[in-house]
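Atom set for the values below is all heavy atoms of this structure, side chains included, hydrogens, waters and symmetry mates excluded. Note that the structure is a prediction, hence the values are computed from the model and not measured.
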Amino acid sequence: MPPLSPKKDLKGKGKGRKKDSEPSAPQEYVPPPPPMPGDDFAMPVREIVKPDNQLQLTEAEMEEEIAKMLTANNPAAPKNIARFNMKERLYKFEPMVEQTIVHYATDGWLLHRGGEEAKRQLDLEKMEQEASARFQAEVDKAHHDKRGGGEGDDDAPDDSRQLRNQFNFSERAAQTLNFPLRDRETHTEPPPTATVSGACNQWAIFDDYLHDLERQKIEEAMKSKGGKKGQQQAAQAAAAAAAAAAAQAAKPTDSDPMHAPNLAQSAKILDRMANQNMFEEITMDFKYWEDTSDAFRPGEGSLLPLWRFASDKSRRRQVTAMCWNPLYLDLFAVGYGSYDFLRQSSGLINIFSLKNPLHPEFSFNTESGVMCLHFHPEYANLLAVGCYDGAVLVFDVHLKQAAPIYTASVRTGKHNDPVWSIFWQPTDEAQKALQFMSCSSDGAVHIWTMNKSELTHEPLMKLRVLGKEGAKPQAGSKPSDAAAAAASASNGGPVPTGGDEDVAAGGAGGTAGGCCLDFCKGPGHEHIYLVGTEEGAVHKCSKAYSSEYLSTYAGHALAVYAVKWNHLHHTTFLSASADWSVKLWDSNFPRKPVLNFDLNDSVGDVAWAPYSSTVFAAVTDDGRVHVYDLAESKLLPMCAQKVVKKARLTKVVFNPRWPIILVGDDKGCVTSLKLSPNLRKRCVPDKGQKESAEELEVAKLERVMDVARRSDPENAQA
């Protein structure tokens, strides 16, 4: 409802004009009454709402003037921007910082009338209008003149100059029928092409010009002598000069940047960078991969394949030996040869790095196949190699020479059969010369000494077949009797004897072929070593004397391919044989092995883990890698994974630092595998515990062996 207007004062008319001029008393503001509810035509009512937290100011404060200045500086702009000054080779702060802030920006087609572009457009429009007006005036004038001059003529006006109707016009040619078009295609073989590329620089052009000038001088000198003979001699001399120039150009010079030593090092670094970019995912798995499923399967583990190492020269060769470098733990050597007597060829040694899986860092060729190799533990550049023809070589990797620095020839003496195992000996302070030992199928164990001029050897042990367990190596028994004795001992039965003559002779037979060799890792026992033979027996020997064996462990029925001492427990070792078994022995109890493991195929190699006393790995001919942890299970492997197809595994080795292993096959390929967390458990002493980690590992394996002995009555009695 609209507010009511005040009533008019009728008494003030006429006589009350003088009173109107007098000032009237101020009237207070009376707010209009609120509108009736539901009235849509009511005037809106203005209400002044005062917030509760409004600042209370006095009249003097409200009348005070406060000056505010607007500046062009952006308070949010950074004031400490520093840039690198290439001229002064240091960082400097920027003195000028952009202060402009764009609050709104849009693109449009509107132009300001006062602008230059708008003036140009107006001038163009004006010129178009004037031209159109002039044209229309000329047309109207011509039409008017024509109509005024032909008033008496009866002819119709000529409208030929008029434009036709563009909407109804159609040419006559468009009204005819068009024949349909037909496409015909054919295919031809493309002509053969070849891409030819080359590089040319100023030096090459200059050299070619010099060679051409020399050739022309020789031809002119020969032509001056005259005759066809002179021309032939000139042609021959020119050809000889060209060949000499080509040979000279092919030789690297000091000034040639393509053969500079710094360029080779730079190219090597770039090659490694490219390889790391190519194998980035594998590198990340090598550093950070952890199998999360191990938390849900405590008795199982897995192997993750990483890099594969191979080369063109090693494709048709078998991996016969592998060894990590003791100084550079990413560097390892691989020996290639053949186990087949009828397929022997030259040998090859490749030294790979984990940083470059595509190409070997160094490569050496040998006349015979490589059967074993070993890096020196102190001088990491020396590599001892044993070959199939019985030769022993020593390479110096640091020299980067293809020829060995020491070679055992027929004149200086060598083995008669393949050398299956080779080991460097610790450096003796009394004897400064370096020594290493080798074991061969001819039954001889030699110790080699590196002199200044040549490599000399000394026989250390002559292996003999034993007809009776623990007998001294004497002559008199037959090899067949020794094999029968070994087979009987492996089955747990009594050892048979060949007869009265063998018993009287002490039970020793012919020469035994050595297949493997390993030295004890315990301090003070470095002179103790084990030798595995083709007859299935393992002999414990000493460097101090070579008259007899310290102990004999007859448990295998076929050749023993590997024997390995434990890295932490120095009285325990493993033996792997072609009879599909791996046996755990206690060197103090040679009567019977502590544990037997049947792998259902011929075992090529076995290796202890350097971080645990109960973890070891073995490879078989079916391409499987078996990883055992005796602390978790004494019967079944925690992982039996097939890593290659249509190939048999020959060698396995653990890395001394990282949880990876290398396996080699008979196709010339080496595969690196990473162990899951369940396969690399180690003992960690608690806070305040006096025992060290090594002592805890030894105690862990002792508990396993005690349980195994108690479960076997024969071992318990022993």
For Y553 and F573, what are the C-alpha separation, side-chain angles and deciding distance, and is it a ring pair (Phe, Tyr, Trp, His ring centres under 6.0 Å)? CA-CA 11 Å; Y553 309 88; F573 66 92; 5.1 Å; yes
Working note: H457 + W448, criterion ring pair (Phe, Tyr, Trp, His ring centres under 6.0 Å); need CA distance, chi angles, decisive distance, verdict. CA-CA 4 Å; H457 75 282; W448 302 82; 5.0 Å; yes
Could you walk me through whether D706 and R709 pass salt bridge (charged side-chain N to carboxylate O under 4.0 Å, His left out), step by step? CA-CA 5 Å; D706 290 341; R709 292 192 189 99; 3.1 Å; yes
Apply salt bridge (charged side-chain N to carboxylate O under 4.0 Å, His left out) to residues K521 and D518 and explain how you reach the verdict. CA-CA 9 Å; K521 276 76 174 178; D518 194 20; 3.1 Å; yes
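Two rings, from Y628 and F597, have their centers less than 6.0 Å apart. Between F375 and F332, a ring centre-to-centre spacing not shorter than 6.0 Å is recorded.
At a cut-off of 3.5 Å, with distance as the only test, a side-chain donor of S575 or H556 sits close to an acceptor on the other residue. For the residue pair N350 / S363, a side-chain donor-acceptor distance below 3.5 Å is found, with atom types taken as modelled.
Of the possible donor and acceptor atoms, one in the side chain of H374 sits under 3.5 Å from a partner among the backbone N and O of W424. Of the possible polar contacts, none joining the D396 side chain to the L382 backbone as a donor-acceptor pair under 3.5 Å is found. Checking side-chain atoms of Y336 against main-chain N and O of M371 turns up no donor-acceptor pair under 3.5 Å. The backbone N or O of I447 sits nowhere less than 3.5 Å from a side-chain atom of Q435 that would complete a donor-acceptor pair. Of the possible polar contacts, one joining the S633 side chain to the L636 backbone as a donor-acceptor pair under 3.5 Å is found. Proximity of a side-chain donor or acceptor of D605 to a complementary backbone N or O of V652 within less than 3.5 Å is detected. When atom types are taken as modelled, the side chain of T571 and the backbone of S587 share no donor-acceptor pair closer than 3.5 angstrom. D579 places a side-chain N or O within donor-acceptor distance of the main-chain N or O of A557, the cut-off being under 3.5 Å. Checked by atom type and distance alone, the side chain of R317 pairs as donor or acceptor with a backbone atom of S346 at under 3.5 Å. A donor-acceptor contact shorter than 3.5 Å is absent between the side chain of T614 and the backbone of L701.
Residue-environment remark: OH (Y379) stays at or below the threshold of 12 foreign heavy atoms within 6.0 Å. Heavy-atom neighbours of K313 NZ from other residues, nucleotides or ligands within 6.0 Å: at or below the threshold of 12. In the displayed structure, E367 atom CD is contacted under 6.0 Å by at most 12 heavy atoms of other residues, nucleotides or ligands. Around NE2 of H570, the count of heavy atoms belonging to other residues, nucleotides or ligands within 6.0 Å exceeds 12.
For the side-chain contact (heavy atoms from CB on, under 4.5 Å) with V625, the lone residue among V644, L673, T620 that qualifies is L673. When the options S441, S368, S345 are evaluated for a side-chain contact (heavy atoms from CB on, under 4.5 Å) with Y388, the one that passes is S368.
The pair D622-R624 meets the salt-bridge criterion, since a charged nitrogen lies less than 4.0 angstrom from a carboxylate oxygen.
For the residue pair L455 and M450, the shortest heavy atom distance occurs at CD1-CG, 3.6 Å.
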